[in-house]
Amino acid sequence: MVPAAMSLALIAAPVSAAGSGVPTVVLTAPAAVSPERARMNQRVFDRVWNEVRSQYYDPGLHGVDWNAARRTWRPVALAAPDDRTLYRAIGDMLDLLDDDHAGAASPAVARRQDSLRKRRPAIGLSLRAEPSGETWLIEEVRPGSPAAEAGVEAGWRLMTGEGALWTPDQDIAEGQSVTLSLIDGDGAARPIALTPRMMEPTPAFVADRSRPGVLVLTVEGFELGLGRWMGEQLQDLSPETDVVIDLRGNPGGRLAEADAVLSCFLPLDRPWAARTGRSGRRMELRTAGGCGTLQVPVANDVAVLVDGNSRSAAELTPAALQEARRAIVVGAPTAGAVLISQETRLPDGGRLSLSRADFVTSGGVRLEKRGVTPDVDAPVTLEDRLAGRDPGLDAALAALAEPRSQPAMALQAAPAL
């Protein structure tokens, strides 16, 4: 599972797969590239291709003819004049696997991912790739940022196809203006020049105690230290206080941190999932502790907020709590991207994410391509967000306030798998 990005807060979302077959039409790229560029392109492409062939969790590669894929996409990759063209070719090849965890990030994107929690040059946009591969949706504009000051709004789109003035595969630097090819909410072209400036990082985890009797824990990613932080928030919590865990827009992250979060609410050594690797060997996952200094799991009532952008660990966690009848899941169905993946650094500084194991819940449910179905349906629209409304959180608070006729929130031992 891979953490999402970064300063410009890019959130990777692979383009929809074209099917299990290999395209018969080879895309063409400009042929005039330097020998150095061609050699690096070759090293990057071959590393990706070989890694998939030897390490992908499904040895049959979902029926894809990987040798044919190489013949199709390698010439395009080697002739790529820039990172955008190279990684577009690699991404198109990886899309054949129809796996949301199989993706490659260019060096610029990888650098922004690495600096996500550091002070860095920023323009203040959170972006998500759209299926066309040519546009990115602006999901959030950071208050006080260059983008906010220029009037950019959530719901606009960044064009990154041919003729785009700037794409996420390019770096940004403090004081060096970049021009974005934007489309506003009315569909009008709005090219806007923004000058990045140094900004403090946004926190990965936020605790909100502003509502009486409620603790809202917003988790941006399953990053290092999450379990310890959550244990600190739950330590000495009044038994009457309800807990809301907000995983909306959370792209996942470290499997160990997912286990640590579950250990805050479930008994030690409770089975919650099983993974099966390339060899076919099945391994049961059990809560191992790690919820900071919390000695025993809390018994407070819990609701978990999810949406269509909750992915990977942000799906495993609510699924496990839901199956254990330990939490109410509220929001919209999750992404269904829950294969267990690892990252590989590529020769040019880019990054490959690749699924290394299949996953089922303790109840035997395979969430890949299925996702988690909320107990309470409460989607949040762009209009809601622009108006400052949060029907998802409202629904979670209402669900927690309802009296329960059965011990749905009780800490229960579960049968072994």
Side-chain angles (χ1 to χ4, degrees), residues 1-5 11-20 48-64 66 69 90-105 113 128-129 131 221-223 247 249-259 261-262 271-286 306-320 322-323 333-344 351-373 417:
M1 292 168 285
V2 191
I11 304 174
V15 179
S16 300
S20 61
V48 170
W49 187 86
N50 283 307
E51 190 91 358
V52 172
R53 182 183 61 172
S54 63
Q55 301 297 322
Y56 192 61
Y57 85 100
D58 175 13
L61 303 179
H62 298 172
V64 175
W66 205 234
I90 291 173
D92 286 343
M93 180 178 71
L94 293 173
D95 282 345
L96 298 172
L97 297 171
D98 193 20
D99 177 351
D100 282 353
H101 271 306
Q113 289 174 338
R128 184 173 297 279
F222 282 72
E223 300 177 22
L247 301 181
N250 185 315
R254 296 171 179 262
L255 190 63
E257 296 297 342
D259 183 86
V261 170
L262 291 172
W272 61 273
R275 59 186 295 174
T276 304
R278 181 181 174 93
S279 67
R281 180 171 174 264
R282 187 175 184 272
M283 182 178 73
E284 187 178 72
L285 303 181
R286 292 174 172 264
V306 296
D307 64 10
N309 293 324
S310 302
R311 307 165 70 86
S312 201
E315 301 181 83
L316 312 184
T317 302
Q322 186 183 55
E323 285 193 344
T334 62
V338 286
L339 297 174
I340 299 174
S341 68
Q342 293 178 0
E343 294 181 341
T344 299
R351 185 177 288 137
L352 170 67
S353 172
L354 198 64
S355 299
R356 309 301 175 104
D358 202 356
F359 170 93
V360 296
T361 69
S362 61
V365 177
R366 189 173 189 265
L367 296 173
E368 181 69 12
K369 304 300 181 187
R370 174 175 177 166
V372 179
T373 300
L417 293 178

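Sequence positions, counted from 1, serve as the residue numbers for this chain.
Remark: the backbone N or O of Gly221 is not paired with any side-chain donor or acceptor of Glu257 at under 3.5 angstrom. Side-chain N or O atoms of Ser310 include one that pairs as donor or acceptor with a backbone N or O of Asp307 at under 3.5 Å. In this structure, the side chain of Glu368 engages the main chain of Val338 through a donor-acceptor pair within 3.5 Å. In this structure, His101 contributes its side chain and Leu339 its backbone to a donor-acceptor pair below 3.5 Å. The backbone N or O of Val52 sits nowhere less than 3.5 Å from a side-chain atom of Gln55 that would complete a donor-acceptor pair. Without hydrogens or angle criteria, Glu323 side chain to Trp272 main chain gives no donor-acceptor distance under 3.5 Å.
When all heavy atoms of Ala335 and Glu315 are compared, the closest pair comes out as N-OE1, 3.3 Å. Of all heavy-atom pairs between Met93 and Trp49, the closest is SD-CD1, 3.9 Å. Of all heavy-atom pairs between Ala313 and Ala258, the closest is CB-CB, 4.1 Å. Smallest separation of non-hydrogen atoms from Val306 and Ala314: CG1-O, 4.2 Å. Taking every heavy atom of both residues into account, Pro251 and Ser312 meet most closely at O-CB, 3.7 Å.
Tyr57 OH to Thr276 OG1: the interatomic distance, rounded to the nearest 0.5 Å, is 10.0 Å.
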Begin from the C-alpha positions of Leu94 and Leu352 and carry the test side chain to side chain contact (heavy atoms under 4.5 Å, CB included) through to its verdict. CA-CA 10 Å; Leu94 293 173; Leu352 170 67; 4.0 Å; yes
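Counting heavy atoms from C-beta outward, Leu367 and Thr334 have side chains that stay 4.5 Å or more apart. Side-chain contact between Arg275 and Leu255: present, with at least one pair of heavy atoms (C-beta onward) separated by less than 4.5 Å. Inter-residue side-chain proximity for Leu354 and Thr344 is flagged as unmet; no heavy-atom pair is nearer than 4.5 Å. Taking 4.5 Å as the limit, every side-chain heavy atom of Asp259 sits out of range of all side-chain heavy atoms of Leu262.
Considering Arg278, Arg281, Arg366, Lys369 in turn, Arg366 is the only one that fulfils the salt bridge (charged side-chain N to carboxylate O under 4.0 Å, His left out) rule with Asp358. Tested against Ser355, the residues Asp58, Asp100, Asp99 include a single side-chain hydrogen bond (donor to acceptor under 3.5 Å, both in side chains) partner, Asp99.
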